[in-house]
Amino acid sequence: MPRQAREKSSSGIYHIMLRGINRQDIFHDKQDKMRFIETLKNYKSICEYKIYGYCLMSNHIHLLMKEGKEAISQAMKRIGASYVYWYNMKDMVICFRIDIKVKKLKMINIY
């Protein structure tokens, strides 16, 4: 049975979590983290998303993003595929793919 499509956020803002298969590490050194940040910057101009915050840990990533001209799922496919390709080719070993979880967020006025 196919997965049900994600519900779109009315604000266009999403909390996204990416992690390696079996929760294995996806960052082993500063170079890996810098490459991921470069990948985010490169696709920002193409997909026109906004990044409100991020947290890179050794085995997973949290992003707070607002959808741009492309659907958030398409932007995350581009980012994930680009980083995974680079990572796997770095040592010529296929190590992981990224699983993506997305939560929609609502904007609320606190004032």
Side-chain angles (χ1 to χ4, degrees):
M1 180 177 199
R3 177 179 74 71
Q4 191 173 19
R6 273 188 199 97
E7 195 175 322
K8 295 219 16 129
S9 167
S10 59
S11 68
I13 299 173
Y14 296 88
H15 169 227
I16 300 163
M17 188 181 95
L18 298 90
R19 68 176 185 197
I21 293 177
N22 298 323
R23 299 178 186 202
Q24 75 183 61
D25 285 354
I26 55 177
F27 299 119
H28 295 281
D29 54 33
K30 187 175 180 177
Q31 178 190 14
D32 294 346
K33 290 180 179 179
M34 293 307 296
R35 178 58 186 225
F36 184 80
I37 291 170
E38 286 173 23
T39 302
L40 282 177
K41 287 180 186 176
N42 291 340
Y43 285 105
K44 189 173 185 282
S45 63
I46 296 167
C47 306
E48 298 179 5
Y49 50 74
K50 291 183 180 177
I51 300 173
Y52 294 115
Y54 64 89
C55 182
L56 308 180
M57 290 160 277
S58 62
N59 69 343
H60 69 288
I61 304 160
H62 291 272
L63 300 168
L64 188 59
M65 297 174 66
K66 182 169 185 172
E67 199 167 51
K69 74 176 185 181
E70 285 188 343
I72 202 73
S73 59
Q74 183 62 33
M76 293 315 301
K77 283 180 196 173
R78 289 178 184 267
I79 293 164
S82 178
Y83 180 74
V84 168
Y85 178 79
W86 172 83
Y87 182 94
N88 288 341
M89 296 307 287
K90 186 171 73 162
D91 297 318
M92 297 303 289
V93 176
I94 297 177
C95 297
F96 77 96
R97 69 181 174 111
I98 291 181
D99 293 328
I100 301 171
K101 292 184 179 184
V102 177
K103 292 182 183 177
K104 64 181 186 161
L105 300 177
K106 277 193 228 178
M107 294 294 288
I108 57 169
N109 239 339
I110 58 172
Y111 297 102

* Do Met76 and Trp86 belong together in a cluster built from hydrophobic side chains that touch within less than 4.5 Å? -> yes
* Measuring from Glu67:CD to Ser73:OG, what's the distance to the nearest 0.5 Å? -> 7.5 Å
* Asked: What is the ring orientation for Tyr83 with Phe36, classed by angle as parallel under 30°, tilted 30 to 60°, or perpendicular over 60°?
  -> perpendicular
* Asked: Within a reach of under 6.0 Å around OH of Tyr52, are more than 12 heavy atoms found that belong to other residues, nucleotides or ligands?
  -> yes
* **Euclidean distance, Ile72 CD1 relative to Leu63 CG, rounded to 0.5 Å** => 8.5 Å
* side-chain hydrogen bond (donor to acceptor under 3.5 Å, both in side chains) between Tyr87 and His28: does it pass, once the steps are laid out? -> CA-CA 10 Å; Tyr87 182 94; His28 295 281; 2.6 Å; yes
* Can you tell me how far NZ of Lys33 sits from OG of Ser58, rounded to the nearest 0.5 angstrom? -> 7.0 Å
* Asked: Just by distance, do the side chain of Asp29 and the backbone of Gln31 share a donor-acceptor pair under 3.5 Å?
  -> yes
* Asked: Does any non-hydrogen side-chain atom of Met57 lie less than 4.5 Å from one of Ile26?
  -> no
* OG1/Thr39 to CD1/Ile79 distance, rounded to the nearest 0.5 angstrom? -> 8.0 Å
* Is there a path of hydrophobic side-chain contacts, each under 4.5 Å between heavy atoms of I, L, V, M, F, W or Y residues, that connects Tyr43 with Met34? -> no
* Asked: Taking Glu48 for the side chain and Lys69 for the main chain, is one N or O donor matched with an acceptor at less than 3.5 Å?
  -> no
* To do: For the pair Tyr49 (side chain) and Lys44 (backbone), establish whether a donor and an acceptor sit closer than 3.5 Å, ignoring hydrogens and angles.
  => yes
* **Validation row: Arg19, Ile61 side chains within 4.5 angstrom (heavy atoms)** => no
* Salt bridge flag under 4.0 Å for residues Arg78 and Glu70 -> yes
* To do: Could you check if a side-chain atom of Leu64 sits within less than 4.5 angstrom of a side-chain atom of Ile51, using non-hydrogen atoms only?
  => no
* Asked: When rounded to the nearest 0.5 angstrom, what is the spacing between NE2 in His60 and CZ in Phe27?
  -> 10.5 Å
* Asked: Hey, does the side chain of Ser45 reach the backbone of Asn42 with a donor-acceptor pair shorter than 3.5 angstrom?
  -> yes
* Apply side-chain contact (heavy atoms from CB on, under 4.5 Å) to the pair Ile37 and Leu56, showing each step before the final yes or no. => CA-CA 9 Å; Ile37 291 170; Leu56 308 180; 3.9 Å; yes
